[in-house]
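One structure is given below, encoded as structure tokens.
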Amino acid sequence: MERVVSGIRPTGNLHLGNYFGAVRNFVRMQHEYDCFFFIADYHSLTTHPTPENLRRSVRQALSEYLACGIDPDKCTIYAQSDLPETAELYLLLNMNAYVGELERCTSFKEKIRKHPDNVNAGLLTYPTLMAADILIHKAVKVPVGKDQEQHLEMSRTFANRFNRLYNCTTFPEPHAFNFGSGLVKVPGLDGSGKMGKSEGEGNAIFLADSPEVIRKKVMRAVTDSGPVNPGQEMPEPVANLFSLMRLVSTSDTVEFFESKYQDCSIRYGDLKKQLAEDMVAFIAPINEEIHRIASDDALISKVMDQGAEKAHASANKTISEVRNVIGFRTK
Ligand code: TYM
């Protein structure tokens with residue numbers, strides 16, 4: 001069965017971008033593929049969380065994964081730091097990753113622009129750690145949002161380079177995946193760009209948000225003063241609200257507001273109210289599950305232990321093969 005790997009950094013709660021870009025596919029893929037999903041806690045160290053924060057956010061991330069419908073008996077779900085084989089492969093891949101190509105990575109350039117006081121080596125080598133996450137299980141499909149496309153391209157480069165260097169076929173080529181269509185970019189509520197946890201208060205709707213918080217955030221979303229000419233093109237902030245609506249509302253609702261926009265009779269207040277209620281209805285059952293699971297200590301540790309064990313079995317095989325190919329002693 002084809003192998004699938006994907007992960008999410010535990011830096012804040014899951015938002016609708018994470019859900020529609022990645023987790024929705026995890027839930028579906030677990031029934032069709034051999035899936036490994038993890039909480040990317042090594043990756044999150046680039047922002048230097050305190051131990052308490054890290055512990056809390058890993059736990060929260062696991063609760064949210066499970067609340068979305070990821071079933072630990074159907075797939076392998078684990079914490080990245082429970083799989084030190086990943087760190088070993090990361091070290092080995094770093095030997096053949098060039099500083100120039102890492103520096104050209106868009107996400108690195110963005111990070112150093114936003115945080116010039118924290119340009120650490122972990123940020124620079126973020127794509128090699130990601131490649132290690134994927135290649136340690138020899139995954140070929142990686143369900144991710146559009147923002148991860150370049151990282152996947154780099155993973156392919158590192159995999160092919162390793163195979164070429166050692167004249168082997170150890171690593172298959174991993175590809176970004178979204179069921180039958182292009183990769184998703186869920187917009188935020190601030191009028192531009194994507195929904196993200198670091199894009200500022202109010203931009204993201206989290207699965208753990210209460211109905212009141214969701215309503216408040218949606219009602220404050222950026223719009224414009226409204227269309228004046230029939231058929232006029234939508235400005236980006238308004239188009240973003242329609243994109244969000246397409247994810248959580250029925251097609252009838254979307255069509256209704258689209259036609260209102262087209263004939264200039266739309267009232268953004270009504271659009272936002274409807275969008276907020278549809279988001280609340282969509283999130284409510286997940287939100288309830290998050291609270292139930294997050295308070296179940298026994299379940300959380302059982303799932304973590306079970307995941308670590310299954311992930312080891314897979315990673316051990318790859319790392320032994322890699323050590324042998326490189327010329328190290330194998331146990
Ligand atoms: P992270 O934690 O930023 O995001 C997790 C997943 O959510 C997707 N995503 C979005 N998709 C659509 N629209 C959005 N607005 C949006 N925001 C986030 C991301 O594309 C991602 O799929 N580097 C990764 C974590 C990672 C990983 C890996 C992923 C580490 N190792 C190996 C796959 C394979 C990251 O920071 O994702």
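Counting starts at 1 for both ligands and their atoms, in listed order. What you see is a predicted model, and the numbers here were worked out from it, not measured in a lab.
Counting heavy atoms under 4.0 Å from ligand 1, residue Phe20 does not touch it at all. Only the side chain of Val142 comes within 4.0 Å of ligand 1, judged by heavy-atom distances. For Gln80, no heavy-atom contact with ligand 1 is shorter than 4.0 Å. Heavy atoms of Ile134 found under 4.0 angstrom from ligand 1 belong exclusively to the side chain. Contacts between Asp133 and ligand 1, counted as non-hydrogen atom pairs separated by less than 4.0 Å, involve the side chain only.
For Glu85 and Arg323, the salt-bridge test fails: no basic side-chain N is under 4.0 Å from an acidic carboxylate O. By the 4.0 Å N-to-carboxylate-O rule, Glu101 lies too far from Arg104 to be salt-bridged with it. A salt bridge links Lys146 with Glu149: the closest approach of a Lys/Arg side-chain nitrogen to an acidic carboxylate oxygen falls below 4.0 angstrom.
Ranking protein heavy atoms by distance to atom 18 (C) of ligand 1, first place goes to Asn18 ND2, 3.4 Å. With hydrogens left out, the protein atom closest to atom 28 (C) of ligand 1 is Met130 CG, 3.3 Å, a heavy atom. Of the protein's non-hydrogen atoms, the one nearest atom 3 (O) of ligand 1 is Arg9 NH2, 2.7 Å. Ranking the protein heavy atoms by distance from atom 13 (N) of ligand 1 puts Val186 N, 2.8 Å first. With respect to atom 19 (C) of ligand 1, the closest heavy atom belonging to the protein is Asp147 OD1, 3.4 Å. Atom 25 (C) of ligand 1 has its closest protein heavy atom at Gly7 O, 3.4 Å.
The side-chain hydrogen bond (donor to acceptor under 3.5 Å, both in side chains) test applied to Thr46 returns no partner, not counting sequence neighbours. Among residues two or more places apart in sequence or in another chain, the side-chain contact (heavy atoms from CB on, under 4.5 Å) test is passed with Phe179 by Asn25, Arg28, Met29, Glu32, Phe177.
Per-residue contacts place Lys197 under 4.0 angstrom from the following atoms of ligand 1 (heavy atoms of the residue considered): 2 (O).
Of the N or O atoms in Tyr126, one or more lie within a sub-3.5 Å distance of an N or O in ligand 1. Here's the thing with Met195: one of its N/O atoms is less than 3.5 angstrom from an N/O atom of ligand 1.
Around atom 8 (C) of ligand 1, the closest heavy atom drawn from Ser107, Ala176, Gly145, Pro143 belongs to Gly145.
With a 4.5 Å cut-off on side-chain heavy atoms, Phe162 and Ile326 count as touching.
Between Gly196 and ligand 1 there is no heavy-atom distance shorter than 4.0 Å.
For Tyr126 and His151, the ring centers are positioned less than 6.0 Å apart.
If you take OG1 on Thr76 and NE2 on His137, they are separated by 7.5 Å, rounding to the nearest 0.5 Å.
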